[in-house]
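Basis for what follows: all heavy atoms, side chains included, without hydrogens, waters or symmetry-related copies. The structure presented is a predicted model; accordingly, all values stated were derived computationally and were not measured.
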Amino acid sequence: MAKIKREDIRNVAIIAHVDHGKTTLVDELLKQSGVFRQGQEVAERVMDSNDIERERGITILAKNTAVTYNGVKINIIDTPGHADFGGEVERVLKMVDGVILVVDAFEGPMPQTRFVLSKALALNLPVICCLNKIDRPEARPDEVIDEVLELFLELDASEEQLDSPFVYASAKAGIAILDLSDEKKDMKPLFDTILEHIPAPEGDPEAPLQTLISTIDYNEYVGRIGVGKVDNGTIHVNDDVVIVNHHDPDKQLRVKVSKLYEFDGLRRVEVAEATVGSVVAISGIAGIHIGDTLCAPDHPDPIPFQKISEPTLAMNFVVNDSPLAGTEGKYVTSRHLRDRLYRELNTDVSLRVEDTETTEAFKVSGRGELHLSVLIENMRREGFEFAVSKPEVLYKTDENGKKLEPMEIAIIDVPEEFSGNVISKLSERKGELKNMSLGHSGGTTRLEFSIPSRGLIGYRGEFLTDTKGNGVMNTLFDGYAPYKGDINYRSTGSLIAFESGTAVTYGLFNAQERGYLFIGPGEKVYSGMVIGQSAKAEDIEVNVCKTKHLSNTRASGSDEALKLSPPRILSLEQAIDFIETDELLEVTPTSLRIRKKILDPLLRKRSQRK
């Protein structure tokens, strides 16, 4: 049996740092390949199908699509650019034969560019470098090309990889050119470069079947859907196959292929069979997982699959037991919470969920604050009500019993006048300044820190305030290092509601002298709820339900003269950043409330004395 090349197929992944234009580029490739009919209304960033992806302008889940150009089917995978979703990138690279590395023609290579490129080079994949946003007024394509080549050298790229072709593009304008002096027309030069430089998939269609599952989709009607590439053999509907995993080859599960799909544009098209090089979706197999290989029953030979990077942060998800529990959410019990968290494992390979000693709480571990906050946001939109604890980092111990903690590289671009403040804040959080250089745009400084992951918990909001919104911070996981010592996260205490009831203007007016408030008049509060940030280091109890005693000499209308400062409304991330270790964040579909774990003031004081 001989291996053949499927010249009618190319499989390619688009990789880049967050916000460098991957999804917009895929949009244009889809439009210019004729996937959409004439006059069809098409949403911008059509691949970001999830509500949160659209709102935040980031890609969270890797997604498959396919276009046809000159009779060749190009399977394209759009990947996330954010470090917290690196697990998505790592695994989809096993499905493709080459990558398009998108780099912003002004910003140049960023931390996540290095991460995704190192993964592609390690798998020996050919790379096409696409310099996007060349129409930006401050674009500097020639310098960025040098920076990209330097990055290739730093990552020990091979001779062939160093010869990677460069394409200049503006995804927004729908143009690609091979030389800056070329006429700007359409995306044809990029399509041609893909056909020329991305190798056709190889395999033996007559050999026993091998299909590696690299992504899992989930659908309420058909259950789990495995997506992967046929490496060898041919797969047919109703075939009997065996599921084998490279990390546990003795465990085998015999199943039947009930439905088989290939990708065409944004649709999945049902097919009767698929052969070498095809990217397929298989439904109807309940026990299918990422990293599984579907093999012929008489030849169970799994394809090696790297282990996904371990989580670095954990939070406890707890059943909500506050006095307002059950008033706003649809799903409130521990059974609902447990089922939902374990269902998330169907599609999210980087997540871990563990039961704790109590049935009311579950330990959820992920790749970073954004990873966990996206899960929390999805759950509250689905009608779940629960509470979460402050994120904690996951420590390890080395062979000598020394405590190790996860470290991050933080690359920060800030205007010069704010750099001193940023350096002092991060030094307090055990950050070590490794490098300081001039930024790309005038008046900015680039700072490079090595900092413990826990040092960044709660810092992003503070960073935006300190730099007046002008700073840009990118972080990347950088392995484990010896424990750096204790960090004091918050120098101020909390303002705590003294009694349950409804907040009134008079009570809030007296409370606002003690610090910042998070609530306004008319909001329901309960004893032990955090209603603001104290100006002092210790917690202060305040009565915001207190009304003014009326007498014959005072009219109730004099309340109108009281002026309240607008409350600070915290977003989900800001609230997670703010909470202390003795506090919980109560999450419901309509509200976010911070509260003390122990609501009773006497019990709380006793526990602090211990």
field: Nearest-0.5 Å distance that lies between atom CG in Leu603 and atom NZ in Lys597
entry: 15.5 Å
message: Looking at Glu328 and Lys524, is there a salt bridge between them, counting it only when a charged N and a carboxylate O are closer than 4.0 Å?
response: no
message: Just so I know, are the side chains of Leu584 and Ser389 near enough to count as touching, which here means a heavy-atom distance under 4.5 Å?
response: yes
- prompt: Quick one: ring pair (Phe, Tyr, Trp, His ring centres under 6.0 Å) pairs with a partner in residues 320-357, sequence neighbours left out?
  reply: Tyr331-His336, Tyr331-Phe384
- prompt: Quick one: OG on Ser500 to CE on Met529, what's the gap to the nearest 0.5 Å?
  reply: 10.0 Å
task: Might you point out which heavy atoms bring Val422 and Val414 nearest each other, and give the distance in Å?
output: CG2-CG1, 4.2 Å
- prompt: Are any of the side-chain heavy atoms of Asn435 and Ile411 separated by less than 4.5 Å?
  reply: no
- prompt: Taking all atoms of both residues into account, what is the closest heavy-atom pair of Ser365 and Glu354, and its distance?
  reply: OG-OE2, 4.1 Å
field: Pair Lys536-Glu538, side chain to side chain contact (heavy atoms under 4.5 Å, CB included): steps then yes or no
entry: CA-CA 6 Å; Lys536 296 186 175 174; Glu538 66 271 7; 3.7 Å; yes
field: Non-hydrogen side-chain atoms of Arg338 and Asp355 separated by less than 4.5 Å
entry: yes
- prompt: Taking side chain as C-beta onward, heavy atoms only, is Leu572 less than 4.5 Å from Leu585?
  reply: yes
message: One thing to verify: whether Asp600 and Arg606 come together as a salt bridge, which I'm taking to mean a side-chain N less than 4.0 angstrom from a carboxylate O.
response: no
- prompt: Under 3.5 Å, is there a donor-acceptor pair between the side chain of Thr356 and the main chain of Ala361?
  reply: yes
- prompt: So does Tyr480 have more than 12 non-hydrogen atoms from other groups sitting under 6.0 Å from OH?
  reply: yes
- request: State, yes or no, whether a side-chain contact exists between Pro109 and Val103 at a heavy-atom distance under 4.5 Å.
  value: yes
Side chain to side chain, Val332 and Asn320, heavy atoms closer than 4.5 Å: no
task: Compute whether any side-chain donor of one residue and acceptor of the other, for Glu432 and Ser450, lie under 3.5 angstrom apart.
output: no
- prompt: How far apart are the closest heavy atoms of Gly532 and Phe578, and which atoms are they?
  reply: O-CZ, 4.4 Å
- prompt: To the nearest 0.5 Å, how far apart are OG in Ser453 and CD in Glu392?
  reply: 13.5 Å
- request: Give a yes or no on whether the backbone of Leu324 and the side-chain of Thr327 come within a donor-acceptor separation of less than 3.5 Å.
  value: yes
query: Run the side chain to side chain contact (heavy atoms under 4.5 Å, CB included) check on Leu426 and Ile412 step by step: do they pass?
result: CA-CA 11 Å; Leu426 286 182; Ile412 295 170; 3.5 Å; yes
- prompt: Just by distance, do the side chain of Thr444 and the backbone of Asp413 share a donor-acceptor pair under 3.5 Å?
  reply: no
Donor-acceptor contact present, side-chain Glu405 to main-chain Lys484, <3.5 Å: yes
query: Using a distance-only test with no angle check, is there a side-chain donor-acceptor pair under 3.5 angstrom linking Gln574 and Arg568?
result: no
message: So which atom in Phe317 and which in Val364 form the shortest heavy-atom distance, rounded to 0.1 Å?
response: CD1-CG2, 3.5 Å
- prompt: Counting distance only, does the side-chain N/O of Glu408 pair as donor-acceptor with the main-chain N or O of Leu456 below 3.5 Å?
  reply: no
task: Calculate, to the nearest 0.5 Å, the distance between atoms CG and SG belonging to Leu508 and Cys545 respectively.
output: 8.5 Å
query: Between atom NZ of Lys390 and atom CD1 of Ile576, what is the distance when rounded to the nearest 0.5 Å?
result: 10.0 Å
field: Lys/Arg-Asp/Glu bridge criterion (N-O < 4.0 Å) met for Arg604, Asp582
entry: no
- request: Return the minimal non-hydrogen interatomic distance between Ala511 and Leu495, and the atom names on each side.
  value: O-CD1, 4.0 Å
query: Is the number of heavy atoms from other residues, nucleotides or ligands under 6.0 Å of Arg514 CZ greater than 12?
result: no
query: Heavy-atom distance under 4.5 Å between the side chains of Val319 and Leu337, does that happen here?
result: yes
statement: Of all heavy-atom pairs linking Leu372 and Gly366, the shortest is CD2-N, 4.0 Å
task: Test side chain to side chain contact (heavy atoms under 4.5 Å, CB included) on Ile423 and Phe449 and set out the steps.
output: CA-CA 9 Å; Ile423 292 169; Phe449 282 89; 4.0 Å; yes
task: Return yes if a side-chain donor-acceptor contact under 3.5 Å exists between Glu580 and Ser494, otherwise no.
output: no
task: Dump the intermediate steps for side chain to side chain contact (heavy atoms under 4.5 Å, CB included) on Phe418 and Thr445, then the final yes or no.
output: CA-CA 9 Å; Phe418 304 124; Thr445 305; over 6 Å; no
- prompt: Side chains of Tyr483 and Lys402: closer than 4.5 Å at any heavy-atom pair?
  reply: no
Exam field: side chain Glu428 to backbone Lys425, donor-acceptor pair closer than 3.5 Å: no
message: Just verifying a value: how many Å separate Ser322 OG and Arg595 CZ, rounded to the nearest 0.5 Å?
response: 6.0 Å
